[in-house]
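The structure appears below as structure tokens.
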Amino acid sequence: MKMDRISRALELPPGCLAGAARFEMHGNREVIVEGCRSILQYDESAIRINMGKMIACFLGRGLNIKCLTPDSLVVEGFITSIEFVT
Amino acid sequence: MVALWILRWFYGSVSFRAEGKHPEHFINAVARSQARLWDIKCKGTVLTARAACADYFGLRPLAKRSGLRLRVQKRSGLPFYLRHLRRRPGLVAGAVLFFAVIQCLSLFVWDVQVEGNSRLSREQVLAAAEEMGLKPGTLKRAINLPLVEQGATARLPEVSWLAVNISGGRADIRLKERDMAPYMVPENEPCNIKARCAGQILQIEAHTGTAVVKEGDGVVEGQLLISAIVEDIHGGSMLKHADGKVYASVKRTLTAEVPFEQTVTQPVGEPIRRNRLGLFGFDFPVNAATVPAEGYACEREAKQFVLFGSTLPVFWYTESWIKQQEITTVLTKEEAKAKAQEELQRQIDELAKEDVTILEKTERVEYTDTGCRVTFDCECRENIAEESKLEVQVPE
């Protein structure tokens with residue numbers, strides 16, 4: 001909460017200083033995820049990613065991981081919905 | 001994206017297939033091990049992906065721990081291409097030799113270009129540069145550019161500025177030709193205008209000075225025509241540099257003599273052709289023909305090869321040696337006369353260039369035992385004015 005208050009005071013996005021995950025979407029065809037911990041589920045219709053404080057689930061068709069590094073990944077495919085479990 | 005593709009190709013990559021119950025475990029393990037995967041596709045229990053060549057060896061134990069079996073599908077990139085070449089040492093040696101030769105050749109100047117010359121010929125500039133050590137085939141390190149520039153400028157008085165730039169195997173000589181000062185009449189040197197030869201005055205154009213003869217006067221050689229002394233309105237006199245043109249009717253005799261027996265050199269037989277290939281300053285004969293003995297005339301032609309607008313140090317020389325034979329022919333009187341008249345006409349054309357006009361001419365033809373002599377007695381209109389310096393002694 002302290003971090004959120006500091007972020008607000010500095011006019012930065014919430015969670016920016018707390019090390020929250022970052023998502024960058026290009027339409028619904030590609031999403032770049034930074035700050036991921038591990039992959040919990042991976043198949044063509046759903047990719048579930050552990051983000052530390054929450055779990056993000058990308059649902060869609062023909063999903064695949066285009067690129068993977070220790071703390072980020074790129075999901076591409078036809079994304080129909082995103083779910084967060086906190 | 002292109003840069004990434006080039007990097008991946010340079011380091012090499014392996015496309016593999018992993019089969020097992022939980023491919024996610026394997027992906028997480030790979031991510032934790034700092035290895036990088038891309039093009040990861042998962043269909044049920046089958047996972048296909050690509051990894052860098054160096055990372056692939058570390059994936060096997062991770063796959064075993066995750067309960068997956070790895071199988072290589074495709075190898076691509078430079079390391080695998082080079083491994084393939086290991087079986088062809090000749091090809092590798094050829095490539096190495098190629099780059100070594102290119103590197104070696106790049107140490108020399110192979111082409112010298114000249115820019116900015118209009119009155120001076122390219123050959124004159126190249127000759128001056130060659131004297132200073134710049135010519136095709138010279139080691140670049142051995143060229144002292146400031147020395148070449150200064151030396152070539154000193155050897156070419158018509159040049160006011162010259163610079164040499166070397167780029168790759170080509171040397172560019174850029175120069176600026178000197179603008180020569182126009183002729184100025186030396187006003188402080190008084191002189192008279194005198195007659196160069198005897199004649200009758202037809203026209204006088206006295207630009208400066210006082211004309212002392214008039215049209216219709218007969219003059220002898222050395223006679224004063226335009227005086228340097230000019231009187232002003234107050235009766236005083238001053239010395240000037242006399243200038244003007246004096247046209248007079250002058251008698252000239254032009255003679256041409258043509259012997260009946262004429263010796264003409266004529267080509268005989270088929271020419272012997274020699275071809276040579278000039279490569280990097282060295283000449284290599286292309287055919288077996290040798291240089292013939294005396295009595296042959298040679299016509300040479302050099303063709304330099306050009307690639308994309310740049311001249312290459314490759315020449316193709318063609319020499320044509322043809323035997324010359326002296327043939328003596330006897331001319332008839334008419335032929336000898338025609339030839340002599342032809343020679344006289346050439347002399348008249350030469351005189352015309354010197355502002356001499358033929359007003360009247362009489363032709364005389366004489367035949368001797370050996371030849372024909374034709375004489376033109378001409379009356380010409382020409383400028384007989386000639387400057388004569390005036391020595392002035394200043395009283396102490």
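Chain letters run A, B, ... following the sequence lines, proteins first and then strands; every chain starts at 1.
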Using only the distance criterion (under 3.5 Å, no hydrogens considered), which donor-acceptor pairs connect chain A with chain B?
residue : atom : partner : partner atom : Å
A/Ile39 : N    : B/Asn28 : OD1          : 2.5
A/Ile39 : O    : B/Asn28 : ND2          : 2.7
A/Tyr42 : N    : B/Glu24 : OE2          : 2.7
A/Tyr42 : OH   : B/Ile40 : O            : 2.5
A/Ile65 : N    : B/Ile40 : O            : 3.2
A/Ile65 : O    : B/Ile40 : N            : 2.8
A/Lys66 : O    : B/Asp39 : N            : 2.7
A/Leu68 : N    : B/Leu37 : O            : 2.9
A/Leu68 : O    : B/Leu37 : N            : 3.4

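- Heavy-atom distances place the backbone of A/Leu40, and not its side chain, under 4.5 Å from chain B.
- Within residues 79-86 of chain A, no residue has any heavy atom under 4.5 Å from a heavy atom of chain B.
- More than 12 non-hydrogen atoms from other residues, nucleotides or ligands lie less than 6.0 angstrom from CZ of B/Phe284.
- Rounded to the nearest 0.5 angstrom, A/Ile47 CD1 and B/Ile27 CD1 are separated by 8.5 Å.
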